[in-house]
Amino acid sequence: MSDTFRKAAITGHPVVHSRSPLVHGYWLKKHGIEGEYGRVDVAPDDADRFYRDFAASGLVGANVTVPHKETAAAACDRLDDAARTMGAANTLWIDESGKLNGANTDGLGFLGNLDQLAPGWDTNAGTALVLGAGGAARAIVWALLSRNYTAVHIVNRTREKAQKIVDEFGSKTFAHSWEKLGRLLGEADLLVNTTSLGMTGKPPLEIDLADLPKAALVTDIVYAPLETDLLKQAAARGNRTVDGLGMLLHQAVPGFERWFGVRPEVDDDLRALILRDLGVSA
Ligand code: ATR
């Protein structure tokens, strides 16, 4: 192995189903980079030691998936704003001084997807309506506030979980139970589904978009099916829509750039490759 051969990996537990090796493998090949992106399953009992002694892994950096994002963040010497705010890191790298850096790129993935597929979407950043209050919702709230949305409403089955996000992010965010959805739709400039509802094998997302302004943008983080019922319904009434696959792909961009020195693009061939692997039709 030469000095220039760099290794990165998806780390977590389990990692066997992760698409990250396919994404990074595509970019390594496209750019002719001598490097490798693999899978490292880190057992929960080993996680603290693994991330605290990350240099011993031989990796220049890594992605982190559930359930280790919080453990990884706690082990970092430095965190970016998103990782610090969320207390969770999904991208790690060792810098020139040997320090372990952590970032949370889920929010950047969300932004990168909309920037690419709906240019100008945040020009009049107004009122956003976020369905769900899990880890993805938290990252998306961070992302929307970073683009100066004036109000971010979070609607969740369990209102207390939405309230926890509001407690973290402050005065521009508002927590609601599901019953408030109808009224909130009427003022939304952006509607985002971050719940698993509508995903293949999960219950449908039952929502009536009648009150949603026609100018509102609608996006879903579910990408299997690629065009969810929510997106279908929105497109049929004339709303602009963006599917969720790009968030998965764009969140990988900053890590690849750190580890391998090239900022990669999310192109049509990459989308097609991942869709084929997911068995999802475009
Ligand atoms: P992630 O961290 O990936 O975002 P998660 O923490 O499992 O995933 O969050 C899933 C979201 O989908 C939550 O907001 C969840 O609502 P609760 O907080 O009330 O559990 C929401 N969700 C999942 N199944 C649901 C259902 N059948 N009806 C309404 N909301 C649902």
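The shown structure was predicted, so the numbers you read here are calculated from the model rather than taken from an experiment. In listed order, ligands and their atoms are each counted from 1.
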- E265 CD: over 12 foreign heavy atoms closer than 6.0 Å: no

- Query: Out of curiosity, T228 OG1 to K202 NZ, how far, rounded to the nearest 0.5 Å?
  - Reply: 15.0 Å

- Message: Atom NZ of residue position K164 - does it have more than 12 heavy atoms of other residues, nucleotides or ligands inside 6.0 Å?
- Response: no

- Query: What atoms in ligand 1 come closer than 4.0 Å to a heavy atom of T195?
  - Reply: 11 (C), 12 (O), 21 (C)

- Item | Protein heavy atom under 4.0 Å of atom 9 (O) of ligand 1 | yes

- Item | Lys/Arg N to Asp/Glu carboxylate O, D77 vs K99, below 4.0 Å | no

- Query: Which residue owns the protein heavy atom closest to atom 4 (O) of ligand 1, what's the atom, and how far is it?
  - Reply: A136 N, 3.2 Å

- Message: Does atom NZ (K30) have a neighbourhood of more than 12 heavy atoms from anything else shown, all under 6.0 Å?
- Response: yes

- Message: As a check for students: among R138, R157, M199, identify the option with a heavy atom nearest to atom 28 (N) of ligand 1.
- Response: R157

- Task: May I ask you to identify, for N156, whether its side chain, its backbone, both or neither come under 4.0 Å of ligand 1 on a heavy-atom basis?
- Result: side chain

- Task: Starting from atom 19 (O) of ligand 1, locate the nearest protein heavy atom and write down its residue, its atom name and how far away it is, to 0.1 Å.
- Result: T158 OG1, 2.5 Å

- Message: Quick check on D167: does its CG atom have over 12 non-hydrogen neighbours (other residues, nucleotides or ligands) under 6.0 Å away?
- Response: yes

- Under 4.0 Å between heavy atoms, the region of K161 that gets near ligand 1 turns out to be side chain

- Message: If we ignore hydrogens and angles and just use 3.5 Å, is the side chain of S18 paired with the main-chain N or O of V15 as donor and acceptor?
- Response: no

- Query: Considering only heavy atoms of G134, which atoms of ligand 1 have at least one such atom less than 4.0 Å away?
  - Reply: 2 (O), 4 (O), 6 (O), 9 (O), 14 (O)

- With the threshold set at 4.0 Å, does a side-chain nitrogen-carboxylate oxygen contact exist between E257 and R263? yes

- Query: Out of S196, A162, G132, whose heavy atom is nearest to atom 23 (C) of ligand 1?
  - Reply: S196

- ligand 1 atoms in contact with A133 (distance to a heavy atom under 4.0 Å): 14 (O)

- Query: What atoms of ligand 1 come within less than 4.0 Å of a heavy atom belonging to G135?
  - Reply: 1 (P), 2 (O), 4 (O)

